[in-house]
Amino acid sequence: MNSSPLTALAGYFALLSLFAVGGANAAIPEMHRVSVEVMHWMSDRQFADMFAIAQVSPGPNVIIVALIGYHVAGFAGAGVATTAMCGPTCLLAFFVARTWDRFKDAHWRIAIQAGLVPLSLGLIAASAFVLARTADHNVYAGAITAATAAMAFFTRINPLWMFVVAGVLGLSGWL
Amino acid sequence: MSEPAAPPPALHPSLAELFLAFAGVSISAFGGALPWARRMIVEQKRWMTTEEFNETFALSQFLPGPNVINFSVVFGARFGGPAGAAVALAGLLGPPLMIVMVLAILYERFGGLETLSRILAGITAAAVGLLIAVVAKMAAPLFVKRWNSAPAFAILAFTGVALMYWPLPFVFLGLAPVSVAFAWFKR
(Lines give C-alpha, C1' and ligand atoms only; values in the text may rest on other atoms or scores of the structure.)
Protein backbone atom coordinates (compact mmCIF):
# COMPACT_ATOMS: atom_id res chain seq x y z
CA MET A 1 0.00 0.00 0.00
CA ASN A 2 1.75 3.18 -1.08
CA SER A 3 0.87 6.69 -0.03
CA SER A 4 -0.76 7.90 -3.22
CA PRO A 5 -4.27 6.52 -2.56
CA LEU A 6 -4.20 8.21 0.85
CA THR A 7 -3.17 11.51 -0.69
CA ALA A 8 -5.94 11.18 -3.26
CA LEU A 9 -8.52 10.40 -0.56
CA ALA A 10 -7.39 13.31 1.61
CA GLY A 11 -7.37 15.89 -1.15
CA TYR A 12 -10.56 14.72 -2.73
CA PHE A 13 -12.71 14.51 0.40
CA ALA A 14 -11.35 17.77 1.83
CA LEU A 15 -12.39 19.51 -1.39
CA LEU A 16 -15.74 17.74 -1.47
CA SER A 17 -16.56 18.71 2.12
CA LEU A 18 -16.53 22.39 1.20
CA PHE A 19 -19.05 21.91 -1.62
CA ALA A 20 -21.36 19.52 0.20
CA VAL A 21 -24.26 21.89 0.80
CA GLY A 22 -27.14 19.91 2.21
CA GLY A 23 -24.99 17.33 3.96
CA ALA A 24 -23.63 13.95 3.01
CA ASN A 25 -26.66 12.95 0.94
CA ALA A 26 -26.05 15.87 -1.40
CA ALA A 27 -22.47 14.74 -1.94
CA ILE A 28 -23.39 11.20 -3.07
CA PRO A 29 -23.34 11.90 -6.85
CA GLU A 30 -19.88 13.46 -6.64
CA MET A 31 -18.58 10.58 -4.49
CA HIS A 32 -20.01 8.19 -7.07
CA ARG A 33 -18.51 10.09 -10.00
CA VAL A 34 -15.04 10.09 -8.50
CA SER A 35 -15.05 6.62 -6.88
CA VAL A 36 -16.57 4.77 -9.84
CA GLU A 37 -15.96 6.78 -13.01
CA VAL A 38 -12.79 8.79 -12.39
CA MET A 39 -10.65 6.78 -9.96
CA HIS A 40 -12.14 3.33 -10.68
CA TRP A 41 -11.91 2.46 -7.00
CA MET A 42 -15.07 0.33 -7.19
CA SER A 43 -17.98 -0.78 -9.35
CA ASP A 44 -21.44 0.76 -9.48
CA ARG A 45 -22.74 -2.18 -7.49
CA GLN A 46 -20.09 -1.84 -4.78
CA PHE A 47 -20.83 1.85 -4.43
CA ALA A 48 -24.55 1.16 -4.01
CA ASP A 49 -23.71 -1.57 -1.47
CA MET A 50 -21.65 0.88 0.57
CA PHE A 51 -24.46 3.39 0.49
CA ALA A 52 -26.81 0.69 1.78
CA ILE A 53 -24.39 -0.31 4.57
CA ALA A 54 -24.02 3.33 5.63
CA GLN A 55 -27.80 3.68 5.71
CA VAL A 56 -28.37 0.68 7.97
CA SER A 57 -25.51 1.67 10.27
CA PRO A 58 -26.40 3.97 13.14
CA GLY A 59 -24.97 7.48 13.13
CA PRO A 60 -24.54 10.31 10.66
CA ASN A 61 -24.86 9.46 6.95
CA VAL A 62 -21.38 10.84 6.33
CA ILE A 63 -19.82 7.57 7.52
CA ILE A 64 -20.12 6.31 3.94
CA VAL A 65 -16.78 8.09 3.42
CA ALA A 66 -15.19 5.72 5.96
CA LEU A 67 -16.46 2.75 3.92
CA ILE A 68 -15.06 4.20 0.70
CA GLY A 69 -11.77 5.00 2.44
CA TYR A 70 -11.53 1.49 3.88
CA HIS A 71 -12.19 -0.07 0.50
CA VAL A 72 -9.42 2.02 -1.09
CA ALA A 73 -6.72 1.85 1.60
CA GLY A 74 -7.81 -0.09 4.68
CA PHE A 75 -8.06 1.47 8.13
CA ALA A 76 -5.68 4.28 7.19
CA GLY A 77 -7.92 5.09 4.24
CA ALA A 78 -11.02 5.14 6.44
CA GLY A 79 -9.32 7.48 8.92
CA VAL A 80 -7.96 9.79 6.23
CA ALA A 81 -11.25 10.00 4.31
CA THR A 82 -13.30 10.70 7.45
CA THR A 83 -10.85 13.30 8.74
CA ALA A 84 -10.68 15.03 5.36
CA MET A 85 -14.47 15.08 4.99
CA CYS A 86 -15.12 16.40 8.52
CA GLY A 87 -11.97 18.30 9.48
CA PRO A 88 -12.14 21.45 7.32
CA THR A 89 -15.82 22.08 7.96
CA CYS A 90 -15.43 21.39 11.69
CA LEU A 91 -12.71 24.03 11.93
CA LEU A 92 -14.87 26.41 9.94
CA ALA A 93 -17.85 25.69 12.22
CA PHE A 94 -15.75 26.27 15.32
CA PHE A 95 -14.57 29.70 14.21
CA VAL A 96 -17.75 30.89 12.52
CA ALA A 97 -19.75 30.02 15.66
CA ARG A 98 -17.90 32.74 17.57
CA THR A 99 -19.01 35.46 15.18
CA TRP A 100 -22.42 34.04 14.25
CA ASP A 101 -24.34 36.47 16.47
CA ARG A 102 -22.86 39.39 14.55
CA PHE A 103 -24.20 38.33 11.16
CA LYS A 104 -26.99 35.82 11.77
CA ASP A 105 -29.64 38.46 10.92
CA ALA A 106 -27.67 40.06 8.08
CA HIS A 107 -29.41 40.20 4.73
CA TRP A 108 -26.46 38.60 2.94
CA ARG A 109 -26.47 35.66 5.36
CA ILE A 110 -30.15 35.00 4.76
CA ALA A 111 -29.72 35.40 0.99
CA ILE A 112 -26.85 32.90 0.91
CA GLN A 113 -28.84 30.34 2.85
CA ALA A 114 -31.98 30.85 0.78
CA GLY A 115 -29.95 30.65 -2.42
CA LEU A 116 -28.31 27.37 -1.44
CA VAL A 117 -31.50 25.48 -0.52
CA PRO A 118 -32.52 24.85 -4.16
CA LEU A 119 -28.99 23.57 -4.90
CA SER A 120 -29.17 21.13 -1.97
CA LEU A 121 -32.52 19.98 -3.26
CA GLY A 122 -31.20 19.39 -6.77
CA LEU A 123 -28.16 17.55 -5.42
CA ILE A 124 -30.17 15.21 -3.17
CA ALA A 125 -32.48 14.50 -6.11
CA ALA A 126 -29.35 13.69 -8.12
CA SER A 127 -28.28 11.28 -5.36
CA ALA A 128 -31.58 9.45 -5.66
CA PHE A 129 -31.21 9.34 -9.45
CA VAL A 130 -27.63 8.05 -9.46
CA LEU A 131 -28.43 5.30 -6.94
CA ALA A 132 -31.74 4.38 -8.58
CA ARG A 133 -29.92 3.60 -11.84
CA THR A 134 -28.06 0.85 -10.00
CA ALA A 135 -30.71 -0.23 -7.52
CA ASP A 136 -33.92 -0.11 -9.53
CA HIS A 137 -32.99 -2.47 -12.31
CA ASN A 138 -36.36 -4.24 -12.36
CA VAL A 139 -40.02 -3.69 -11.56
CA TYR A 140 -39.85 -5.21 -8.07
CA ALA A 141 -36.94 -3.02 -6.95
CA GLY A 142 -38.75 -0.01 -8.38
CA ALA A 143 -41.85 -0.97 -6.41
CA ILE A 144 -39.82 -1.13 -3.18
CA THR A 145 -38.43 2.32 -3.90
CA ALA A 146 -41.89 3.75 -4.59
CA ALA A 147 -43.43 2.12 -1.51
CA THR A 148 -40.63 3.34 0.76
CA ALA A 149 -40.85 6.86 -0.65
CA ALA A 150 -44.61 6.95 0.01
CA MET A 151 -44.26 5.56 3.53
CA ALA A 152 -41.46 7.94 4.46
CA PHE A 153 -43.41 10.88 3.04
CA PHE A 154 -46.79 10.14 4.60
CA THR A 155 -45.90 8.34 7.86
CA ARG A 156 -43.29 8.57 10.60
CA ILE A 157 -42.31 4.90 10.67
CA ASN A 158 -38.68 4.33 11.69
CA PRO A 159 -36.79 3.80 8.40
CA LEU A 160 -35.04 0.83 9.97
CA TRP A 161 -38.24 -1.23 9.58
CA MET A 162 -38.41 -0.36 5.89
CA PHE A 163 -34.81 -1.54 5.51
CA VAL A 164 -35.63 -4.81 7.28
CA VAL A 165 -38.61 -5.49 5.00
CA ALA A 166 -36.67 -4.48 1.88
CA GLY A 167 -33.70 -6.62 2.93
CA VAL A 168 -35.92 -9.66 3.43
CA LEU A 169 -37.62 -9.08 0.07
CA GLY A 170 -34.19 -8.82 -1.52
CA LEU A 171 -33.04 -12.01 0.17
CA SER A 172 -36.11 -13.87 -1.04
CA GLY A 173 -34.85 -13.36 -4.57
CA TRP A 174 -37.44 -11.02 -6.04
CA LEU A 175 -34.90 -8.37 -6.98
CA MET B 1 -30.10 8.32 28.42
CA SER B 2 -33.24 7.60 30.44
CA GLU B 3 -33.66 9.65 33.60
CA PRO B 4 -36.62 8.61 35.74
CA ALA B 5 -37.83 12.16 36.46
CA ALA B 6 -37.22 15.41 34.59
CA PRO B 7 -33.84 16.64 35.86
CA PRO B 8 -33.20 20.31 36.61
CA PRO B 9 -31.67 22.09 33.62
CA ALA B 10 -27.96 21.31 33.55
CA LEU B 11 -26.57 24.52 32.09
CA HIS B 12 -23.00 23.36 31.85
CA PRO B 13 -22.62 19.72 30.94
CA SER B 14 -19.22 18.29 31.72
CA LEU B 15 -16.97 16.96 28.96
CA ALA B 16 -17.86 13.40 29.91
CA GLU B 17 -21.57 14.22 29.73
CA LEU B 18 -21.10 15.82 26.31
CA PHE B 19 -19.27 12.78 25.01
CA LEU B 20 -21.81 10.30 26.36
CA ALA B 21 -24.77 12.35 25.15
CA PHE B 22 -23.49 12.55 21.57
CA ALA B 23 -22.38 8.92 21.63
CA GLY B 24 -25.92 8.02 22.71
CA VAL B 25 -27.37 10.01 19.82
CA SER B 26 -24.97 8.47 17.34
CA ILE B 27 -25.80 4.85 18.09
CA SER B 28 -29.56 5.36 18.26
CA ALA B 29 -29.80 7.50 15.12
CA PHE B 30 -30.94 5.80 11.95
CA GLY B 31 -31.75 7.71 8.78
CA GLY B 32 -30.23 11.01 9.87
CA ALA B 33 -29.09 12.02 13.34
CA LEU B 34 -30.85 15.40 13.60
CA PRO B 35 -34.19 14.33 15.16
CA TRP B 36 -32.30 12.29 17.75
CA ALA B 37 -30.00 15.18 18.61
CA ARG B 38 -33.00 17.46 19.03
CA ARG B 39 -34.74 14.99 21.33
CA MET B 40 -31.65 14.49 23.48
CA ILE B 41 -30.71 18.18 23.81
CA VAL B 42 -34.10 19.84 24.04
CA GLU B 43 -36.36 17.21 25.60
CA GLN B 44 -34.17 14.89 27.66
CA LYS B 45 -31.21 16.95 28.85
CA ARG B 46 -32.80 20.39 28.49
CA TRP B 47 -29.48 21.92 27.59
CA MET B 48 -31.18 24.22 25.11
CA THR B 49 -34.65 25.55 24.40
CA THR B 50 -36.24 24.73 21.04
CA GLU B 51 -35.41 28.26 19.84
CA GLU B 52 -31.76 27.97 20.86
CA PHE B 53 -31.55 24.59 19.20
CA ASN B 54 -33.09 25.87 15.96
CA GLU B 55 -30.76 28.84 15.87
CA THR B 56 -27.68 26.71 16.49
CA PHE B 57 -28.85 24.29 13.85
CA ALA B 58 -29.39 27.14 11.38
CA LEU B 59 -25.70 27.93 11.77
CA SER B 60 -24.79 24.27 11.13
CA GLN B 61 -26.90 24.30 7.98
CA PHE B 62 -25.39 27.55 6.80
CA LEU B 63 -21.92 26.00 6.80
CA PRO B 64 -20.81 23.46 4.20
CA GLY B 65 -20.32 19.84 5.16
CA PRO B 66 -22.40 17.35 7.14
CA ASN B 67 -24.92 19.35 9.21
CA VAL B 68 -24.99 17.14 12.28
CA ILE B 69 -21.20 17.05 12.43
CA ASN B 70 -21.11 20.85 12.31
CA PHE B 71 -23.79 20.96 14.95
CA SER B 72 -21.82 18.78 17.37
CA VAL B 73 -18.82 21.11 17.02
CA VAL B 74 -20.84 24.29 17.54
CA PHE B 75 -22.75 22.80 20.46
CA GLY B 76 -19.67 21.32 22.12
CA ALA B 77 -17.72 24.57 21.71
CA ARG B 78 -20.50 26.54 23.31
CA PHE B 79 -20.41 24.48 26.49
CA GLY B 80 -16.79 23.40 26.63
CA GLY B 81 -14.64 25.44 24.24
CA PRO B 82 -12.27 23.57 21.91
CA ALA B 83 -12.23 20.54 24.22
CA GLY B 84 -16.02 20.46 24.26
CA ALA B 85 -16.14 20.60 20.46
CA ALA B 86 -13.62 17.77 20.17
CA VAL B 87 -15.42 15.61 22.71
CA ALA B 88 -18.89 16.08 21.17
CA LEU B 89 -17.50 15.30 17.71
CA ALA B 90 -15.70 12.22 19.02
CA GLY B 91 -18.92 11.02 20.66
CA LEU B 92 -20.91 11.50 17.48
CA LEU B 93 -18.38 9.86 15.14
CA GLY B 94 -16.52 7.33 17.31
CA PRO B 95 -19.11 4.61 17.96
CA PRO B 96 -20.59 4.66 14.41
CA LEU B 97 -17.08 4.48 12.95
CA MET B 98 -16.29 1.39 14.98
CA ILE B 99 -19.54 -0.27 13.93
CA VAL B 100 -19.09 0.64 10.28
CA MET B 101 -15.49 -0.62 10.27
CA VAL B 102 -16.70 -4.04 11.44
CA LEU B 103 -19.29 -3.97 8.63
CA ALA B 104 -16.58 -2.92 6.15
CA ILE B 105 -14.41 -5.88 7.12
CA LEU B 106 -17.37 -8.23 6.75
CA TYR B 107 -18.26 -6.69 3.40
CA GLU B 108 -14.74 -7.03 2.01
CA ARG B 109 -14.80 -10.69 2.99
CA PHE B 110 -18.38 -11.66 2.14
CA GLY B 111 -19.44 -8.93 -0.32
CA GLY B 112 -19.26 -11.37 -3.20
CA LEU B 113 -21.81 -13.70 -1.66
CA GLU B 114 -25.09 -13.88 -3.55
CA THR B 115 -27.12 -13.78 -0.32
CA LEU B 116 -25.53 -10.59 0.96
CA SER B 117 -25.71 -8.78 -2.34
CA ARG B 118 -29.44 -9.60 -2.60
CA ILE B 119 -30.10 -8.17 0.87
CA LEU B 120 -28.10 -5.04 0.07
CA ALA B 121 -29.92 -4.64 -3.24
CA GLY B 122 -33.24 -4.58 -1.36
CA ILE B 123 -31.92 -2.08 1.18
CA THR B 124 -30.53 0.19 -1.54
CA ALA B 125 -33.90 0.23 -3.28
CA ALA B 126 -35.54 1.28 0.00
CA ALA B 127 -32.85 3.88 0.72
CA VAL B 128 -33.47 5.46 -2.67
CA GLY B 129 -37.12 5.72 -1.67
CA LEU B 130 -36.11 7.56 1.51
CA LEU B 131 -34.07 10.03 -0.54
CA ILE B 132 -37.05 10.65 -2.80
CA ALA B 133 -39.20 11.37 0.27
CA VAL B 134 -36.57 13.85 1.52
CA VAL B 135 -36.59 15.54 -1.88
CA ALA B 136 -40.40 15.72 -1.92
CA LYS B 137 -40.51 17.25 1.56
CA MET B 138 -37.87 19.83 0.65
CA ALA B 139 -39.46 20.61 -2.70
CA ALA B 140 -43.03 21.11 -1.47
CA PRO B 141 -42.52 24.61 0.02
CA LEU B 142 -40.27 25.71 -2.87
CA PHE B 143 -42.58 24.71 -5.68
CA VAL B 144 -45.86 26.12 -4.33
CA LYS B 145 -44.84 29.78 -4.35
CA ARG B 146 -46.19 31.52 -7.41
CA TRP B 147 -43.11 33.18 -8.78
CA ASN B 148 -39.71 32.19 -7.56
CA SER B 149 -36.43 31.05 -8.99
CA ALA B 150 -35.84 28.11 -6.64
CA PRO B 151 -37.27 25.31 -8.83
CA ALA B 152 -35.15 26.45 -11.78
CA PHE B 153 -31.94 26.29 -9.74
CA ALA B 154 -32.88 22.93 -8.25
CA ILE B 155 -33.49 21.54 -11.74
CA LEU B 156 -30.24 23.04 -13.08
CA ALA B 157 -28.24 21.54 -10.19
CA PHE B 158 -29.89 18.17 -10.77
CA THR B 159 -29.24 18.30 -14.51
CA GLY B 160 -25.61 19.30 -14.12
CA VAL B 161 -24.74 16.64 -11.58
CA ALA B 162 -27.05 13.73 -12.40
CA LEU B 163 -27.53 13.98 -16.17
CA MET B 164 -24.43 15.80 -17.42
CA TYR B 165 -22.20 14.20 -14.81
CA TRP B 166 -20.24 17.41 -14.29
CA PRO B 167 -18.00 17.73 -11.21
CA LEU B 168 -19.86 19.12 -8.21
CA PRO B 169 -17.43 22.03 -7.60
CA PHE B 170 -18.04 23.34 -11.13
CA VAL B 171 -21.80 23.03 -10.87
CA PHE B 172 -21.76 24.63 -7.45
CA LEU B 173 -19.53 27.55 -8.38
CA GLY B 174 -21.55 28.12 -11.54
CA LEU B 175 -24.98 28.11 -9.89
CA ALA B 176 -24.51 29.29 -6.31
CA PRO B 177 -23.61 32.95 -7.04
CA VAL B 178 -26.58 33.35 -9.39
CA SER B 179 -28.99 31.58 -7.05
CA VAL B 180 -27.81 33.67 -4.08
CA ALA B 181 -28.11 36.84 -6.16
CA PHE B 182 -31.74 35.98 -6.98
CA ALA B 183 -32.42 35.37 -3.26
CA TRP B 184 -30.73 38.70 -2.45
CA PHE B 185 -32.87 40.78 -4.80
CA LYS B 186 -36.12 39.05 -3.96
CA ARG B 187 -36.71 41.18 -0.88
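Chain letters run A, B, ... following the sequence lines, proteins first, then strands; residues in each count from 1. We use all heavy atoms of the structure for the numbers below, so side chains are in, but hydrogens, waters and symmetry mates are not.
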**Student:** Given a strict heavy-atom distance threshold of 4.5 Å, which part of A:Ser17 is in contact with chain B: side chain, backbone, both, or neither?
**Tutor:**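 Only the backbone of A:Ser17 comes within 4.5 Å of chain B.
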**Student:** What's the separation between atom CZ in A:Arg98 and atom CZ in B:Arg78, rounded to the nearest 0.5 Å?
**Tutor:**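 If I round to the nearest 0.5 Å, the distance is 14.5 Å.
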**Student:** When rounded to the nearest 0.5 angstrom, what distance separates CG in B:Leu130 from CE in A:Met151?
**Tutor:**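 Reported value, rounded in 0.5 Å steps: 9.0 Å.
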**Student:** For the CH2 atom of A:Trp100 and the CG atom of B:Leu59, what is their distance to the nearest 0.5 Å?
**Tutor:**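 Going from CH2 on A:Trp100 over to CG on B:Leu59, the span is 5.0 Å.
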**Student:** What do the steps show when you test A:Thr89 against B:Leu63 for side-chain contact (heavy atoms from CB on, under 4.5 Å), and what is the final call?
**Tutor:** CA-CA 7 Å; A:Thr89 60; B:Leu63 297 165; over 6 Å; no
**Student:** Given heavy-atom pairs under 4.5 angstrom as the criterion, report whether the side chain, backbone, both or neither of A:Asp49 touches chain B.
**Tutor:**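 Interface part for A:Asp49: both.
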**Student:** Could you walk me through whether A:Leu116 and B:Phe172 pass side-chain contact (heavy atoms from CB on, under 4.5 Å), step by step?
**Tutor:** CA-CA 9 Å; A:Leu116 294 186; B:Phe172 182 89; 4.0 Å; yes
**Student:** CD1/A:Ile63 to CE/B:Met101 distance, rounded to the nearest 0.5 angstrom?
**Tutor:**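 Here the interatomic distance stands at 8.5 Å.
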**Student:** Would you say that more than 12 heavy atoms from the other residues, nucleotides or ligands in this model lie under 6.0 Å from the CH2 of A:Trp108, or not?
**Tutor:**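 Counting neighbours around CH2 of A:Trp108, more than 12 heavy atoms of other residues, nucleotides or ligands fall under 6.0 Å, so yes.
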**Student:** In terms of heavy-atom pairs under 4.5 Å, which option from B:Leu163, B:Asn67, B:Val100 contacts chain A the most?
**Tutor:**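 When all of B:Leu163, B:Asn67, B:Val100 are compared, B:Val100 has the most.
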**Student:** Assign the ring pair A:His32 / B:Tyr165 to parallel, tilted or perpendicular, where the plane angle (0 to 90°) is split at 30° and 60°.
**Tutor:**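 The arrangement is perpendicular - the two ring planes meet at more than 60°.
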**Student:** Hey, can you tell me if B:Phe158 and A:Phe129 have their rings parallel, tilted or perpendicular (30° and 60° cut-offs)?
**Tutor:**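 Correct class here is perpendicular.
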